[in-house]
Every structure is written in C-alpha cells, then in structure tokens.
Amino acid sequence: MTESTMMALGTKAPAFALKNTEGTMTSLSDFDNAKVLVVLFICNHCPYVIHIAPTLVDLAEQYKEQGVQFIAINSNDTDTYPADSFENMVKEKALRGYSFPYLFDETQAVAKAFDAACTPDIFVFDQQQKLAYRGQFDSTRPTRISSGNYDSGKSPATGEDLKAAIEGLLTGKTLSENQVASIGCNIKWKAGNEPQY
C-alpha cells in the first residue's frame, strides 16, 4: 500500500503528450479550456482502481457539461504486469465505460513529472492548470476477502472528496490545504526506473 507524495499545491500541471486507447495522441494543451482538469494515474488490475471505477465514470459524466474534464494515465510496467498492457487498456476502457481519455505512459516519464506514486493518484487543476487538490477519491477502500480478491459491496465508493474539490473550484472557493493523501497500489516501476521519492 502506497500513499500519494502530495505534490505542492499551486504547481503548474506538467506538460505531456501520450498515446490514448484510440491510437492517437492526447496532450495537456488539449485541455486548455477546461474549467477544472482531473488527472488520475490508474491501471487495469489494481483493486483500489476497480473499487472507484463505477463512481469515477458517474462523476466524469455528471460534470462534463460544466467544463470539467478527466484524463486517466497508466504508467505501470507492462512487461512485469501484462494485465496493464496497452491492448488490455483498450478493453478496460470499454469494460468500465470510461468516457475520458485513457493514456499510456510507456516510459513512465509523465508519472515522474507528476511525482505520482500510487493507483489511483489524483490531481485536480484549476482553470489556470495550477494544482488545487491532490488527495483521496473518498474514505472508502476495497475489502480484502481472500488472497488477491477484493469486494466493494460493503463500502461502495462515493467520490465525496473529489466531488467536493470539483464543486469548490466550480464555485470559486479556495480549497482547504488540509487534504488526505490518496492510497493504493504502488506504481509498478520498470527495473532501475524507480524514482527517489
């Protein structure tokens, strides 16, 4: 279990250009008109991501008409974790019903630029693409029922922390700096590519 590094609030969103599951490129500059930009580091196999996926889909749909845009990025080493391969990302996007871009950070350079550490690691940027929130989706967690098996039925994800951050930015409020770190599986770094943080 790994916690977010909690990048400094006010940090400008690092630029990137990555291949999406449609086979084209998606860049940070594609979202210059977003009122709020939510960047999530996720993957296909992580139980913490699977736990939040249905609510994440709902939130992205709920706020789409209000100028809130979501981007998901997978930075895991796919040689060691083939479940997170690009081909499986395509399947995962269809399975989960993600309406937002799902990008492949094959070199892991973008994860390092964001100081991303876990899945899910969540970053919310304001209209100037400055970091306003980096923290948990909500306080729920998947429940381990046996080795490698998890269940979300007893405590389904609500997304309340992320939702509060989005609502605050949309209504012009200054968000509290007291934010709870996201927690999840560590990003699966390629051998020798592990960051200092």
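In this text the structure is predicted, and so the values were computed from the model without any measurement.
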With side chains defined as the heavy atoms from C-beta onward, is the minimum distance between T26 and F100 less than 4.5 Å?
-> no

For I52 and A157 the tightest heavy-atom approach is CA-CB, 4.0 Å

Do M89 and D84 touch side chain to side chain, with heavy atoms closer than 4.5 Å?
-> no

How about D105 and T107: do any of their side-chain heavy atoms sit closer than 4.5 Å?
-> yes

Donor-acceptor under 3.5 Å (S27 side chain, S29 main chain) = no

Establish, from distance only, whether the side-chain atoms of D121 and S4 form a donor-acceptor pair under 3.5 Å.
-> yes

Measure up the F125 and F123 rings against each other and bin them: parallel (under 30°), tilted (30 to 60°), perpendicular (over 60°).
-> parallel

Common cluster, I122/F31, ILVMFWY with side-chain heavy-atom separation under 4.5 Å = no

Check whether any side-chain heavy atom of L170 lies under 4.5 Å from a side-chain heavy atom of Y63, and answer yes or no.
-> yes

same_hphob_cluster(M7, L169) at 4.5 Å side-chain heavy-atom cutoff = no

Linked, directly or transitively: V36 and L59 (ILVMFWY side chains, under 4.5 Å) | yes

Might you confirm whether atom CG of D32 has over 12 heavy atoms from other residues, nucleotides or ligands at distances under 6.0 Å?
-> yes

May I ask you to decide if the ring planes of Y81 and H45 are parallel, tilted or perpendicular, using 30° and 60° as cut-offs?
-> parallel

Let me know which of V39, V124, L162 forms a side-chain contact (heavy atoms from CB on, under 4.5 Å) with F70.
-> L162

Taking all non-hydrogen atoms of both residues into account, name the closest pair between D138 and G159 and its distance.
-> OD2-N, 2.7 Å

Is there side-chain contact between K112 and N193, with heavy atoms separated by less than 4.5 Å?
-> yes

Y48 and I183: which non-hydrogen atoms are nearest, and at how many Å?
-> CD2-O, 3.8 Å

Minimum heavy-atom distance between R134 and L9, given as atom pair plus value | CD-CD2, 3.6 Å

Ion pair K163/E160, N-O distance below 4.0 Å | no

Hey, are the side chains of T21 and Y98 touching, using non-hydrogen atoms and a 4.5 Å cut-off?
-> no

Determine whether I50 and R96 make a side-chain contact, defined as any pair of heavy atoms from C-beta on separated by less than 4.5 Å.
-> yes

Distance from Q69 atom CD to K35 atom NZ, nearest 0.5 Å?
-> 11.0 Å

Spacing of Y133 atom OH and D126 atom CG [to the nearest 0.5 Å] = 15.5 Å

From OG (S85) to CG (N76), nearest 0.5 Å = 11.0 Å

Just by distance, do the side chain of D77 and the backbone of D79 share a donor-acceptor pair under 3.5 Å?
-> yes

Main-chain N/O of Q128 paired to K12 side chain as donor or acceptor, under 3.5 Å | yes

Are V90 and L56 connected in a single hydrophobic cluster, I mean Ile/Leu/Val/Met/Phe/Trp/Tyr linked by side-chain heavy atoms less than 4.5 Å apart?
-> yes

Please report the C-alpha distance between K190 and E106 in whole Å, then the side-chain angles of each, then the deciding distance to 0.1 Å, and finally whether the side chain to side chain contact (heavy atoms under 4.5 Å, CB included) criterion is met.
-> CA-CA 10 Å; K190 297 180 181 183; E106 188 171 9; 4.2 Å; yes

Search all heavy atoms of P14 against all heavy atoms of A113 and return the closest pair with its distance.
-> CG-O, 3.5 Å

N/O donor-acceptor pair under 3.5 Å between S155 side chain and T140 backbone | no

Answer with yes or no whether the hydrophobic clustering places F86 together with L18; edges join I, L, V, M, F, W, Y residues whose side-chain heavy atoms lie under 4.5 Å apart.
-> no

May I ask you to check whether over 12 heavy atoms, not counting those of Q179, lie within 6.0 Å of atom CD?
-> yes

How long is the gap from OG1 on T171 to CD1 on I166, to the nearest 0.5 Å?
-> 11.5 Å

OG1/T11 to CD/Q129 distance, rounded to the nearest 0.5 angstrom?
-> 13.0 Å

Polar side-chain atom of T5 near backbone of D115 as donor-acceptor pair, under 3.5 Å | yes

Side-chain heavy-atom pair T80, K188 within 4.5 angstrom cut-off = no

Distance in Å, I71 CD1 paired with I42 CD1, rounded so as to fall on 0.5 Å steps = 12.0 Å

In terms of ring plane angle, is the pair F114 and F16 parallel, tilted or perpendicular, where the classes change at 30° and 60°?
-> tilted

Identify the two heavy atoms, one from A13 and one from L28, that lie closest to each other, and give their separation to 0.1 Å.
-> O-CD2, 3.5 Å

